[in-house]
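One structure is given below, encoded as structure tokens.
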Amino acid sequence: NWDDLVFECVKRGLAGIECLSGIPGSVGATPIQNVGAYGQEVSDVIEKVRVLDRETLEEKEFLASECGFGYRASRFKEKDNGKYIVLEVVYRLIKNGAPQIGYPELEKQIQEKFDGKPSLQNVRDLVLELRKRKSMVLDKNDPNSVSSGSFFTNPILTQKQFEALQKRNSRHKGYDEVPFYDAGGNKIKVPAAWIIEHAGFTKGYQKGSAAISENHSLALVNHGGTTYDMMRLAGEIQYKVKDKFGIKLEIEPNVV
């Protein structure tokens, strides 16, 4: 269990994955998705991954540099999709290290609450609090937490694509500036939640039995319906975003 590992590492004073608290799933899934949140990604600390080849039943090891890590991507999700079963992941963490903060929302709260000098446990507790506020921690008392997390990935754009987005956005009355982050390699990351909201969707918007979470624009919630309801809502969001901003939103969960 991934969060059990984060809890244990924080307890032992091992820094490097404290911002990844509260993410549901298994440790072995983290390199497949290159799981990330609040400024950290597992690719920052993964040393190597041991796998089983499903066809030959041979075990192999891949160093981090061989895993093809990218934004929510790896060789295990893309070119080798379905080829391997992850058996073991080795992480290189920092003993008695300071928390690694690289996310503006989290940094702001840390400055306010801990004067910019938090412990690993402080950061973990704050991340869990922020995630719960957004219904991104499983909670039987919160119907909005029944989701698969972020349904769309944040678009990664070239400079030319970003300029085109800014131009299209500026045509709309009362527009506000497009938020963005450096994605490395001269690429720019734009928050999908901002795009969805500015395409005309509000939190809580519902179509049939599927709805956008009341607490997070990126989460789609199933209120007792079918896969068809979910995909119909996702398709509507993709269509309106494409029509208004010229951007195709990519679905993050695997559709089986």
Which heavy atom of [X] sits nearest a heavy atom of [Y], and at what distance?
X: P191; Y: Y181; answer: CG-CE1, 3.7 Å
X: A192; Y: L218; answer: CB-CD2, 3.5 Å
X: K189; Y: A183; answer: N-CB, 3.9 Å
X: L220; Y: M230; answer: O-CE, 3.6 Å
X: E252; Y: Q33; answer: OE2-NE2, 2.7 Å
X: L128; Y: V137; answer: O-CG2, 4.0 Å

Ignoring hydrogens and angles, tell me if any N or O in the side chain of [X] forms a donor-acceptor pair with the backbone of [Y] under 3.5 Å.
X: E18; Y: Q100; answer: yes
X: S43; Y: N34; answer: no
X: S217; Y: E197; answer: no
X: Q206; Y: G208; answer: yes
X: T56; Y: E58; answer: yes
X: E47; Y: Y91; answer: no
X: R92; Y: I46; answer: no
X: N81; Y: E78; answer: no
X: Q161; Y: T158; answer: yes

Nearest-0.5 Å distance that lies between atom [atom1] in [X] and atom [atom2] in [Y]:
X: L57; Y: L52; atom1: CG; atom2: CG; value: 5.5 Å
X: F162; Y: I156; atom1: CZ; atom2: CD1; value: 12.0 Å
X: S147; Y: L138; atom1: OG; atom2: CG; value: 8.0 Å
X: H223; Y: N144; atom1: NE2; atom2: CG; value: 6.0 Å
X: L20; Y: C9; atom1: CG; atom2: SG; value: 10.5 Å
X: I94; Y: I17; atom1: CD1; atom2: CD1; value: 11.5 Å

Test item: [X] and [Y] side chains (from C-beta on) under 4.5 Å apart, heavy atoms:
X: C67; Y: K48; answer: no
X: P31; Y: F69; answer: yes
X: K242; Y: Q238; answer: no
X: L14; Y: L120; answer: no
X: L106; Y: V127; answer: yes

Do NZ/NE/NH1/NH2 and the carboxylate oxygens of [X] and [Y] come within less than 4.0 Å?
X: R124; Y: D3; answer: yes
X: R12; Y: E8; answer: yes
X: R133; Y: E129; answer: yes
X: K134; Y: E214; answer: no
X: E55; Y: K83; answer: no
X: K240; Y: D243; answer: no

For [X], I'd like to know if atom [atom1] has over 12 heavy atoms of other residues, nucleotides or ligands within 6.0 Å.
X: F114; atom1: CZ; result: yes
X: N186; atom1: CG; result: no
X: K132; atom1: NZ; result: no
X: D176; atom1: CG; result: yes

Can Y205 and E236 be counted as having a side-chain donor-acceptor contact under 3.5 angstrom? yes
Side-chain donor-acceptor contact under 3.5 Å, Y71 with N154: yes
With under 30° as parallel and over 60° as perpendicular, where do the rings of W194 and H198 fit, or are they tilted in between? parallel
Between F76 and Y84, how do the two ring planes meet: parallel, tilted or perpendicular, split at 30° and 60°? perpendicular
Carefully, step by step, assess D44 and Q40 under the rule side chain to side chain donor-acceptor pair (under 3.5 Å). CA-CA 7 Å; D44 298 332; Q40 288 183 342; over 6 Å; no
Can you check side chain to side chain contact (heavy atoms under 4.5 Å, CB included) on R131 and I23, steps first, answer last? CA-CA 9 Å; R131 289 183 68 88; I23 297 173; 3.8 Å; yes
Honestly, is R75 close enough over F62, meaning NZ or CZ under 6.0 Å from the six-membered ring centre and within 45° of the axis?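 The answer is yes, since R75 meets both limits relative to F62.
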